[in-house]
Amino acid sequence: MDLTDNQTSSYTGYIPHYLLRDDPFSSRLSKEADIVAALYICVIGIMSSVGNGYVIYMSFKRKTKLRPPELMTVNLAIFDFGISVTGKPFFIISSFSHRWQFGWEGCWFYGWAGFFFGCGSLFTMTAVSLDRYLKICHIRYGTWLKRHHMFLCLGFIWCYAAFWACMPLIGWGNYAPEPFGTSCTLDWWLAQSSVSGQSFVMCILFFCLIFPIMIIVFSYVKIIFKVKASAKEVAHFDTRNQNSHILEIKLTKVAMLICTGFLIAWIPYAVVSVWSAFGSHDSIPIPASVVPTLLAKSSAMYNPIIYQVIDCKNACTKSSCFKVLKKRKLYNTSRYCI
């Protein structure tokens, strides 16, 4: 595939930053800065791979007993694990080498993998927020949700993420080097060079960022209002229903914390990307473009840490997603649930 295969004809005279240099893959950071970035991502990559790999391993051991909420957790761990093992090594090697080492083909793969697994994580958390909203605000929902419903939902998430990630590979949009040279991402700069590029960037921003975030915010705002409004009503429930309601609230808090961590990691990068798409190509200093990228790459590490801190096992009672032995302190179930 030639460099210009995924580019449409320019109509503004705008030239993307990677075409202004003879070598678009040479690092524009100092060698010391590249080494620091490589070491940081190395630590992040190891922690996220081990943490999410452990979640996947423990879930696989009891795969036939996984309940619908746990399937969401496993799916999220798979996406986070995928972005760690497919992306981090490329960045680490290139940063230590002070230039991108894998050419345009490696750039396209790296960009695709990062976008695919990142979108998959966000879409999974969107589905989790809807699940929490329906279970808290529409009680009857929990009575008919079965494993096959969740598998259909997960299948849709994978197809939706794959659709948008593959568009640049077939001619709508592109993947290109980051301004600092040792990483690749969506070609946000096409928004200033062609109508096709503008349509691609606008669709990506809406369908892969704004729309999912709107659903997440709507779901948790409705949950907050519902919990406040039903506080007195819950006090009149019997003990079993009270315990079930308390559990659902605790699991919702875990889901909210996971979504918050993801958005905190990715929103600065999204802001810089939008500015790159519609602002001047040299309006963002190179060091300033690196920090949001490194922050976004750390998002896959947060969830296993959150699981450990919250200790979800202690919140899972007999009335919900795991069976807990009341008379024993030894639990045979996973610690991880949403």
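Just so it is clear, the model here is predicted, and its values are computed rather than measured.
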Assess the residue pair Ser27 and Phe180 against the criterion (side-chain contact (heavy atoms from CB on, under 4.5 Å)); give the C-alpha distance rounded to whole Å, side-chain angles, the decisive distance to 0.1 Å, and a yes or no. CA-CA 6 Å; Ser27 175; Phe180 52 89; 5.7 Å; no

Applying the side chain to side chain contact (heavy atoms under 4.5 Å, CB included) test to Trp100, which of Ser95, Ser94, Pro24, Pro177 qualifies? Ser94

Kindly give the heavy-atom pair with the smallest separation between Glu70 and Arg62, and that separation in Å. OE1-NH1, 2.5 Å

Does any part of the side chain of Ser196, heavy atoms only, come nearer than 4.5 Å to the side chain of Leu190, both counted from C-beta? no

Please report the interatomic distance CD1(Ile210) to CD1(Ile204), rounded to the nearest 0.5 Å. 11.5 Å

Establish, yes or no, whether a centroid distance under 6.0 Å links the rings of Phe123 and Trp158. no

Between Phe211 and Phe207, is the ring centre distance below 6.0 Å? no

Could you tell me whether the side chain of Trp112 reaches within less than 4.5 Å of the side chain of Cys166, counting heavy atoms only? yes

Inter-residue atom distance Met125.CE - Ile157.CD1, 0.5 Å rounding: 10.5 Å

Test of understanding: clusters of I, L, V, M, F, W, Y form through side-chain heavy atoms closer than 4.5 Å, transitively. Do Val36 and Ile92 belong to the same one? no

Is any side-chain heavy atom of Thr86 closer than 4.5 Å to a side-chain heavy atom of Phe116? no

dist Leu71:CG -> Leu66:CG (nearest 0.5 Å) comes out at 5.5 Å

Given 3.5 Å as the limit, does a donor-acceptor pair link the side chain of Lys226 with the main chain of His138, or not? no

Interatomic spacing from OG in Ser194 to CH2 in Trp189 - rounded to 0.5 Å: 14.0 Å

Same apolar cluster: Val55 and Phe60, side chain cutoff 4.5 Å: no

Using the benzene-type ring in the case of Trp, are the ring centres of Trp108 and Tyr175 under 6.0 Å apart? no

For side-chain contact (heavy atoms from CB on, under 4.5 Å), just list the numbers for Arg99 and Asp23, CA-CA rounded to whole Å, side-chain angles, deciding distance to a tenth of an Å, and then say yes or no. CA-CA 9 Å; Arg99 62 172 287 105; Asp23 184 2; 2.4 Å; yes

His98 versus Lys31, closest heavy-atom pair with distance: CE1-N, 3.6 Å

Enumerate donor-acceptor pairs with a distance under 3.5 Å from any side-chain N or O in residues 42-51 to protein atoms, sequence neighbours excluded.
unit_1	atom_1	unit_2	atom_2	d
Ser48	OG	Ile44	O	2.9
Ser48	OG	Gly45	O	3.2
Ser48	OG	Ser84	OG	2.7
Ser49	OG	Gly45	O	2.7

Indicate every side-chain donor-acceptor pair of residues 264-273 with a distance under 3.5 Å to a residue at least two apart or in another chain.
unit_1	atom_1	unit_2	atom_2	d
Trp266	NE1	Ser299	OG	2.9
Tyr269	OH	Glu178	OE2	3.1
Tyr269	OH	Thr185	OG1	2.5
Ser273	OG	Trp188	NE1	3.3
Ser273	OG	Tyr269	O	2.8

Within 6.0 Å of CZ in Phe163, more than 12 heavy atoms from elsewhere: yes

Heavy-atom check, side chain of Tyr302 versus side chain of Leu257, under 4.5 Å: no

Ile93 vs Phe102 side-chain heavy atoms within contact, under 4.5 Å: yes

Looking at the rings of Phe109 and Phe90, which for Trp means the six-membered one, are their centres under 6.0 Å apart? yes

Does the side chain of Ser129 come under 3.5 Å of the side chain of Tyr133 through a donor N or O and an acceptor N or O? no

Can Thr124 and Ile78 be said to form a side-chain contact (heavy atoms from CB on, under 4.5 Å), step by step? CA-CA 11 Å; Thr124 300; Ile78 291 173; over 6 Å; no

State the CG-OG1 distance between Asn52 and Thr73, to the nearest 0.5 angstrom. 11.0 Å

Before you tell me yes or no, could you show the steps for Val201 and Phe278 under side-chain contact (heavy atoms from CB on, under 4.5 Å), namely the whole-Å CA-CA distance, both residues' side-chain angles and the distance that decides it to 0.1 Å? CA-CA 10 Å; Val201 170; Phe278 300 103; 4.0 Å; yes

Would you say Ile41 ends up clustered with Leu39 if hydrophobic residues are merged whenever their side chains have heavy atoms under 4.5 Å apart, either directly or through other cluster members? yes

Asp34 vs Phe96 side-chain heavy atoms within contact, under 4.5 Å: no

Work out which heavy atom in Pro168 is nearest to a heavy atom in Phe200; give both atom names and the distance. CG-CZ, 3.6 Å

Val74-Leu152 co-clustered via ILVMFWY side chain contacts under 4.5 Å: no

Spell out, as yes or no, whether a donor-acceptor pair under 3.5 Å connects the side chain of Gln198 to the backbone of Gln192. no

If you define the side chain from C-beta out and look only at heavy atoms, does anything of Phe25 sit under 4.5 Å from Trp104? yes

Spatial distance of atom CD1 (Ile136) from atom NZ (Lys222) [nearest 0.5 Å]: 13.5 Å

Please identify each residue that fulfils side-chain contact (heavy atoms from CB on, under 4.5 Å) with Ile213, with sequence neighbours left out. Leu209, Val217, Leu263

Between Phe225 and Ile215, is there a shared hydrophobic cluster once you connect ILVMFWY residues whose side-chain heavy atoms come closer than 4.5 Å? yes

How far apart are the closest heavy atoms of Pro179 and Arg28, and which atoms are they? O-CD, 3.1 Å

Please tell me if the side chains of Gln101 and Thr182 come closer than 4.5 Å, counting only heavy atoms from C-beta onward. no

Can the SG atoms of Cys208 and Cys119 be said to lie under 2.5 Å from each other? no

